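Remarks on the structure that follows.
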Amino acid sequence: MKRSIYNEEHEAFRSVIRDFVAKEVTPCFTEWEAARRTPRELFHKLGALGVLGFDIPEEYGGPGETSFRYQAIIAEETAAAAGVSFGHYSVTTSIVLPYLLKLATEEQKRRWLPGVASGETVLCIAMTEPGTGSDLAGIRTIARLSEDGSHYVLNGSKTFITGALNSELCVVAARTSAATPEDRRAGLTLLVVSTDSEGFGYGKQLEKIGLHARDTSELHFTDVRVPVGNVLGEVGKGFSYLGQNLPRERLSIAVNAVAAAVAAIRFASDYVQERTVFGKPVASFQNTKFVLAECETEVAAAQALADQAIELDDARELTPAHAARVKLFCTETAGRVIDKCLQLHGGYGYMLEYPIARLYADTRVNRIYGGTSEVMKTIIAKDMGL
Amino acid sequence: MKRSIYNEEHEAFRSVIRDFVAKEVTPCFTEWEAARRTPRELFHKLGALGVLGFDIPEEYGGPGETSFRYQAIIAEETAAAAGVSFGHYSVTTSIVLPYLLKLATEEQKRRWLPGVASGETVLCIAMTEPGTGSDLAGIRTIARLSEDGSHYVLNGSKTFITGALNSELCVVAARTSAATPEDRRAGLTLLVVSTDSEGFGYGKQLEKIGLHARDTSELHFTDVRVPVGNVLGEVGKGFSYLGQNLPRERLSIAVNAVAAAVAAIRFASDYVQERTVFGKPVASFQNTKFVLAECETEVAAAQALADQAIELDDARELTPAHAARVKLFCTETAGRVIDKCLQLHGGYGYMLEYPIARLYADTRVNRIYGGTSEVMKTIIAKDMGL
Amino acid sequence: MKRSVYNEDHEAFRAVVRDFVAKEVTPHFADWEAAGMPPRDLFRKLGELGVMGFGIPEEYGGPGDTGHKYQAIISEETALAGVALGHYNVSSGIVLPYLLNLATQEQKRRWFPGIASGDIMLCVAMTEPGTGSDLAGIRTTAKLSEDGTHYVLNGAKTFITGARNSELCVVAARTSAPTAEDRRAGLSLLVVPTDADGFTFGRKLEKIGLKSSDTNELSFVDVKVPAANLLGEEGKGFSYLGQNLPRERLQIGVSATSAATAAIRFAKAYVQERNVFGKPVASFQNTKFVLAECETEVAAAQALVDKGLDLEEAGELTPADAARIKLFCTETAGRVIDKCLQLHGGYGYMLEYPIARLYADIRVNRIYGGTSEVMKTIIAKDMGL
Amino acid sequence: MKRSVYNEDHEAFRAVVRDFVAKEVTPHFADWEAAGMPPRDLFRKLGELGVMGFGIPEEYGGPGDTGHKYQAIISEETALAGVALGHYNVSSGIVLPYLLNLATQEQKRRWFPGIASGDIMLCVAMTEPGTGSDLAGIRTTAKLSEDGTHYVLNGAKTFITGARNSELCVVAARTSAPTAEDRRAGLSLLVVPTDADGFTFGRKLEKIGLKSSDTNELSFVDVKVPAANLLGEEGKGFSYLGQNLPRERLQIGVSATSAATAAIRFAKAYVQERNVFGKPVASFQNTKFVLAECETEVAAAQALVDKGLDLEEAGELTPADAARIKLFCTETAGRVIDKCLQLHGGYGYMLEYPIARLYADIRVNRIYGGTSEVMKTIIAKDMGL
C-alpha cells in the first residue's frame, strides 16, 4: 500500500544505501556468515557513508538530530535487499550510541563521539550474565574502586554480547556496591571499557540458529582497569539508565521485522512465478495466491503500524507501551509470514543458499530480543490498566 | 495508540452522535432486536441529525461532499457504544445512495435526493437471487419493456435483501435482455422500484445468526410496473455499474469491524476487572492480561491500517486492492479478537444480554458480506501479479 | 479413518438411534427451536427407546451399567444430524450420575423407575447470580425445620438448563455456614421437585445458540423440601461435585468432534452443489485445502476421543486426560465449524442452514463443563507445573 | 496419556535403543553436527544392534518382517533425546523397502547381508536441479551398452541425503524417452555403487538444520552400472516410486510427534530451573497455559500416530490416512516447538540448547516426504473433492 512517511530526500538517501548494499554487502555476505562476523572495515565504510553517527551533534562530527526514518530506510534496504545486514550495526548505532548521547560528559563526548561517527570506534554493550537472563538486578560483575580513586577494577563474566569482536568500546553494567534489601537494583554502574584493556577476555563465540554475520560472544573480565573518567552517568544509578532508549530499540526491531517480511514475500513471489510443478507455475495454484495475499495483507497492517510509530517517534510521542505493541505485532507477523513464504519454496526453502532460509533462521530471535513477546504483553497489559 | 486522523470538528460531531446513540438507540435496542427491525422513525431522526445525505450536493438538501471520517465516527460510536447499530443505515447511506449520486439524472436527483437526505426516503438494494449467490451474471429477474415504452414489467425473486421493510425505494438489478454468448454480463439494468408498487411482495424474513436489528428478507416481483423514468444509468449497462463503490463499502465494513473489536476489548476489560474467580479478579491472571494485550495490539494494527485507508479515501487514492486488504485484515482480526473477548466472559459471554454475545453473533458476517475473505484474497493476489 | 472403538452391538444401537433421530427429531427441530425447548413428551419416547436410564440397575427399570460408549453414540448421532435432544444430556449424563452414586435404597426405589421411563427428568442448580464457577460462594440456604422433617430452601440460581422440562432439580445449598478453615464446608445437595410451592422460574435467558434448550433463572422462596430428599450426607455437598466431570468432559469432546464432522459434511455437500463463476465451489483449490485441513484436524480429535472412550471403559481415564480431550476437541470444533461456515458464504449466516446453527451452538463448548482456561490449569498441574 | 500401541517386546527393545542412544549418540552428537555427518562406523554399530535390516529375511541375515513399530521406537527414542542417526532412516526406512520389493534373488544375496550388518548403506537419488517433485521431468539418462552388460549413466541430482556415508545409491534415470501419451514412461531404477568411476559428489548443501546429515549434489559422468544392478523392470521406474510412501509419512509423523514431546520436556525443565524477577518461569500462568496447550496438541498427535501404527500393522493404513497423520503431526510439531523455544528466551536461539536444534531441524518436516500442500491435495481427493 502507498506509504506516506518518506519524502524525496529520504528516497535519495535510500538509493545511496541501495547502491552501497549492492556493492559492499550482498557480494560478500555469505563469506561474512561463514566467518561468523563482518570484517572490521565495514564500519569504516559505513562511517564514510555517514550512517554511524545519527543524532551525534555536528560539533562532534555527526549529522545532528536525525529522524528515525533514515534508520528505517537502512533496515528496509538491508533486509529487503537480500536478507542481508550490516552485522551488529544496529547494536552500535541504535542501542549503544544513545547511551553515550544521553549520559556522556562534555569531555567524554569529545573523546568518543567523533570516532563513533567516523567508524573508528565501534560500540557494544554487556548486560546479561550467565544465569541471570533479563533480570538485570541479579548482575554479579563487580567494579571495585581502586584505593587512589583513579580507576575501577572490573571482574566478572557476561554473555550474549553481540559485536564485541568488532568493537573498540564496550558499555559494561557492573556492580559498584551491593544491592540493598530495599532496592535490589541499587549499586549498578555503567562503565565504558576498552576492549583492548588488559584482562578483557573474549570467551567462546556462541553458535546461533541464524544471524551468522554478527558475532555473539561471552566476555570475561579479570582485573580489568577502567579509568574513573570512563564512568557513564552517575555511580550507582546504572539501573535507572537501562532501558531508557528501549522504545526506539523496539521500533527498530519492528521495522527490521517488517522489512524482512516484505523481502520474504518478494522472494516467494519470484520463486512461485519461476517454478513449475506438474507443468504449471506454482503461482497459478489458488493456494499460492491466497497464502501470499494473506501475507501481504498482514504485512500491510504491520507496515501501517510501524509507519505510524515512526511518525510518533519523530514527534517524540512514542510511548513505551506503543513501542511494545509495535514490536509485538510486527515481529509476530513477520514470524508467521516468513514461515509461510518458506513453505512456498518447498525443499529449496530449507537450503541456506536461498535467502528465504536465511530470513527464517535470522528472524526467529526477533520475538525474543529487545524483550520477548511475553514481556511486551506485560507492558501492554499494564498500560491497559490490567 | 494515538490516532491522528480526527480534528476538533470531527470530535464535535462525535459527541453529537454519542448523545444520539445514548438517548435514541441504546435504550431501545433490545426491543428492535426482538422485533427484527428498527422502527421506521429512526430514519427520520437520523435525517434530522443530518447524517443520511453524506455527499448529496447542497442543492438537493445534503451537506455536499463529506469525508468518510464522519461515517467512520458513526461506526465507532454505534459499535463501540454498546455493540448497537442504526439498523440498515449503512446500507442506505454507504451502499445504495452512492449509486444514485453517480447514476441518477438531474430529474431523478431532484425527485429522490431531498427525501433521502431528510429520511423520507430510505433505500435498499436487490441483487442476489435464490441460487445465484455472488455470481451476478446469473440474474434471472426480468424487466420487460411495455409496448408503449412507458414502463417496465418486473418479474422475479430476490433474497438477502437488507432493510427492505423500512425502505421506500429499492434498486433492483434485472435483466432487460438476454445475456449474449460472448458476454454473460450483458443485458442487466438497474431499476429504482417503489416498495409500495403493486406486485412488490415481501417474502419471508430470514433468521440470521445475529444482526437482529436489521431485517433481511426475500422479495418477489409479480408484474411490478416500473416507469422508464426510474431506470438508473443506461439500459443494459447494469453490470458495469455494480461494484464501483465497493472500495468504500469495504472500507466501511472494515471500520465497523475495528470499532466492534475496540468495543469487545472494552467490554472484556470491564468484565475481568469486576469479576472475581477464586477470590481474585479475573484481571489479575496473567492469561487474562496477555490475551487482552494481544487483542489490543492486533486492533492497534487494524486501526492503523484502517486510518491509513480513510486518509487514502479522502485523497481519492483508495484502490480496490487496498480496500480488499483493509477489509480482509480488519474483519479477520475483529473475528479473532471478539472470540477471545467472549471467552474471557465465561458463561455470561454466551448470553445475549451481554453485549459481547451480540458482537460475536453480529460480526461473523463481516468476513462474508461485501465480498468474502476468499474474494478479497483473489483481488489482492491479482494485484500482486499472481 | 477407520475407527475401532465400537463393536457390533454398538453399531446396531447406532442404527436405532439414527432412525429415531431421523423420525422423531429432525422433522420437528425447527419448531423446538422456535419454542425454546422440545416437547416434554420427547423424553418419554426416549424412555421407551431405553436410553434414559443408563447406569440404573435392571431392578429399577434401567439397563444397568452399559459403559459410556452408548451415550457417546447418542451424542454422535444427534450432532451428526445437526440437532439436539433438549437437555437430555444434562439429565442422563450429568445429573443422573449423582443419584447413581449417592441415592439411598429408598430414594432409588422412589425415583429410578420414573427416570428410566422418561417420566422424571432431572436438572441441576449450582451457579448463582454473581458467583460463577466459584461454588464455595453459594448463598442459597436450606434450613432444617425444627421437627427435622424438611428443609426450608431460600435463594436464587441461574444458568439452569432444562428446568422447565424437569420434574426434579438437584440444588446445591448451604445447610450451615462455611468455616474459617474450609470455605467449602456446609454445602448439601437437595433433590427438589420443580412443582414445589415457592419454586419459581425466573427469566429464560437468551443465548447465542442452543435455542432448543431452555436456560433459566430460578428462585426459591421458603420451598419445603422433605428431609428424605437430601442426597448423600449433609454438609458434604462440595465433595460430591465434579466426581463425574471426566465423563462429562469426555462427552463434550465426543459431541464437539461429531459436530465438527457434521460441519465438514454440510460444507462438502454445499460446495459440491454450489456454483461460482460457472464452476462448483468444490473445484477451487482453496476449498479443497480448507476442507482437507479441517478433516485432518477432526481425524486427530476423533483419534483422541476414541482413545478417551477406550480408557474410560477400562477405568483409566484421568481427570487431566479428560481435560486434554475437552480442550483439544472443543477448540478444534470451534475452528473447523468457523471455516465450514465460511465456505457457505452468505448462506452460512442464515439460520435455516444447519451450519449457522452449529456455529451459534458450538461457541459455548469452549466454556461449559469448565472453560478452556480451566482445562489448561488442570493439565498444567498434571504436568507438574 | 497412557498409550496402548506397544507390547512388552517393544518396550524391551525401547530400553535397548535408549541405552544405545545414551552411550553411542548423545555424547558425540555435537561433533557429528560439526562434521556435517556421523562417522561411518555408527551404522556398523547399529548393524550389531540388529536394527539395520528390518524386513530382510533371516536367511540373508535380517530379522524378517517385524512390523513397523520397532522402527517407530527408534524414531521416538532419537527424537526424544534430541539427536539423530545421520541418514539411518533414509537407508532403512526409505531405500531398503525398494530393494525388499524389487530385488531379485541374486541381488538379495549380493546386498542384503551387508545391509543388515551395516556394511552397506543406502541412499536414493530422485530429484534433479530444477525438477523438484515433478519426477516425470527427470533428465538423467542410463544408456544400455551395446553388449547389454551395463548401463552408462549421465546426469545430475540434488538433495541427496546421506550419500557420503553410503555404498549404494538407488538412482532414477531415463532408459528411454517419455512417450507423448505417458510422460512417466521410460524411467528405471539403478543401484549404483557410490565408488564407481564418474560418480562424483558435488556441493554439500547448507541447511537451516539437520546439520548431522549430509545433503548433496551428485553428478554422473559416464558411470558404468552393471545391467545386473537394474532394480525391477526397465521402464517401470515410475510405478515403483512412492509405494512405501504411507509408511514413510507415518514415520515422519512418529518422529515429529516425539520431537514435539521432547521440546515440551526441554521447555519444562528450563522453566522450572530458570528464575525471572525472583520467581521460576514455571510459576507464571502464561508458561503453564502455553505448555498445557502444547501437551494437549501433542496428545492428539500421539493418539493419531498410535492409531496409524495400529492400522499400519493391520495392513489398513490408507495413503490418505498417512497424509492426514503427516500433515497433522508435522504442523503440530512446528507450532509446539516454536512455542517451547519461546519459553527459553534468548537461550532458545543458541544452538547449544537442544530446543534451538529442534527448531532448526523440524522446519523441513512440513516439506519433505511431500509438503503439507501435497498432503492436503491427497486428503481432498480422498474426500471426493
Side-chain angles (χ1 to χ4, degrees), chain C residues 1-4 264-265 267-268 271-272 280-308 310-311 314 316-318 320-329 331-332 372-373 375-385, chain D residues 1-4 264-265 267-268 271-272 280-308 310-311 314 316-318 320-329 331-332 372-373 375-385:
Chain C
M1 286 172 80
K2 201 189 156 202
R3 299 176 68 187
S4 55
I264 293 172
R265 203 175 284 176
K268 187 180 154 189
V271 299
Q272 287 182 321
V281 175
S283 69
F284 290 92
Q285 193 189 34
N286 180 66
T287 307
K288 294 180 202 206
F289 276 26
V290 167
L291 284 174
E293 284 161 22
C294 288
E295 213 224 18
T296 297
E297 289 194 49
V298 173
Q302 193 69 72
L304 190 66
V305 157
D306 285 356
K307 188 168 184 62
D310 279 342
L311 288 172
E316 299 183 297
L317 185 77
T318 68
D321 287 345
R324 284 181 191 98
I325 291 169
K326 179 180 188 288
L327 175 62
F328 186 80
C329 296
E331 294 284 340
T332 299
S372 292
E373 290 72 26
M375 297 306 105
K376 289 179 195 173
T377 306
I378 292 168
I379 297 161
K381 195 171 281 177
D382 184 63
M383 292 172 74
L385 293 172
Chain D
M1 285 172 80
K2 202 189 153 201
R3 300 176 68 188
S4 55
I264 293 172
R265 204 174 283 175
K268 187 179 153 189
V271 299
Q272 287 182 321
V281 176
S283 70
F284 290 92
Q285 192 189 35
N286 179 67
T287 307
K288 295 181 200 205
F289 276 26
V290 167
L291 284 173
E293 285 161 20
C294 287
E295 212 224 19
T296 298
E297 290 195 50
V298 173
Q302 193 69 73
L304 190 66
V305 156
D306 285 357
K307 188 169 184 61
D310 279 342
L311 287 172
E316 298 183 296
L317 184 77
T318 68
D321 288 345
R324 283 181 191 98
I325 292 169
K326 178 179 189 287
L327 176 62
F328 186 81
C329 296
E331 294 285 338
T332 299
S372 292
E373 290 71 27
M375 297 306 105
K376 290 179 194 173
T377 306
I378 292 168
I379 297 160
K381 195 171 280 177
D382 183 63
M383 292 171 76
L385 293 172

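Not measured: the values here are computed from a predicted model. Labels below follow one simple rule: chain letters A, B, ... track the order of the sequence lines, proteins then strands, and each chain is numbered from 1.
Here the NZ-CG distance, from Lys2(D) to Asp310(C), works out to 10.5 Å after rounding to the nearest 0.5 Å. The CG atom of Asn286(C) sits 9.0 Å away from atom NZ of Lys376(D), with the distance rounded to the nearest 0.5 Å. The CG atom of Asp306(C) lies 11.0 Å from the CG atom of Leu304(D); values are rounded to the nearest 0.5 Å.
Interface remark: Ser4(C) contributes backbone and side-chain atoms alike to the contact with chain D (heavy atom separation under 4.5 Å). Interface residue Lys307(D): only side-chain heavy atoms are found under 4.5 Å from chain C. Contacts of Glu316(D) with chain C are made by side-chain atoms alone, with heavy-atom separations under 4.5 Å and no backbone atom involved. Proximity to chain C (any heavy atom under 4.5 Å) is shown, for Ser372(D), by neither the backbone nor the side chain. Of the atoms belonging to Val271(D), it is side-chain heavy atoms, and not backbone ones, that fall under 4.5 Å from chain C.
For Ser283(D), the side chain to side chain contact (heavy atoms under 4.5 Å, CB included) partners at least two apart in sequence or on another chain are Lys279(D), Pro280(D). In this structure, Arg265(C) has no salt bridge (Lys or Arg N to Asp or Glu O under 4.0 Å) partners at least two apart in sequence or on a different chain.
Residues of residues 289-296 of chain D lying within less than 4.5 angstrom of chain C, judged on heavy atoms, are Phe289(D), Leu291(D), Ala292(D), Glu293(D), Glu295(D), Thr296(D) in numerical order.
Of the listed residues (Gln302(C), Met375(C), Glu297(C), Lys288(C)), the one with the most heavy-atom contacts under 4.5 Å to chain D is Lys288(C).
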Side chains of residues 377-385 of chain C: which donor-acceptor pairs under 3.5 Å do they make with residues two or more places apart or in other chains?
residue   : atom : partner   : partner atom : Å
Thr377(C) : OG1  : Glu373(C) : O            : 2.9
Asp382(C) : OD2  : Arg324(C) : NH2          : 2.8

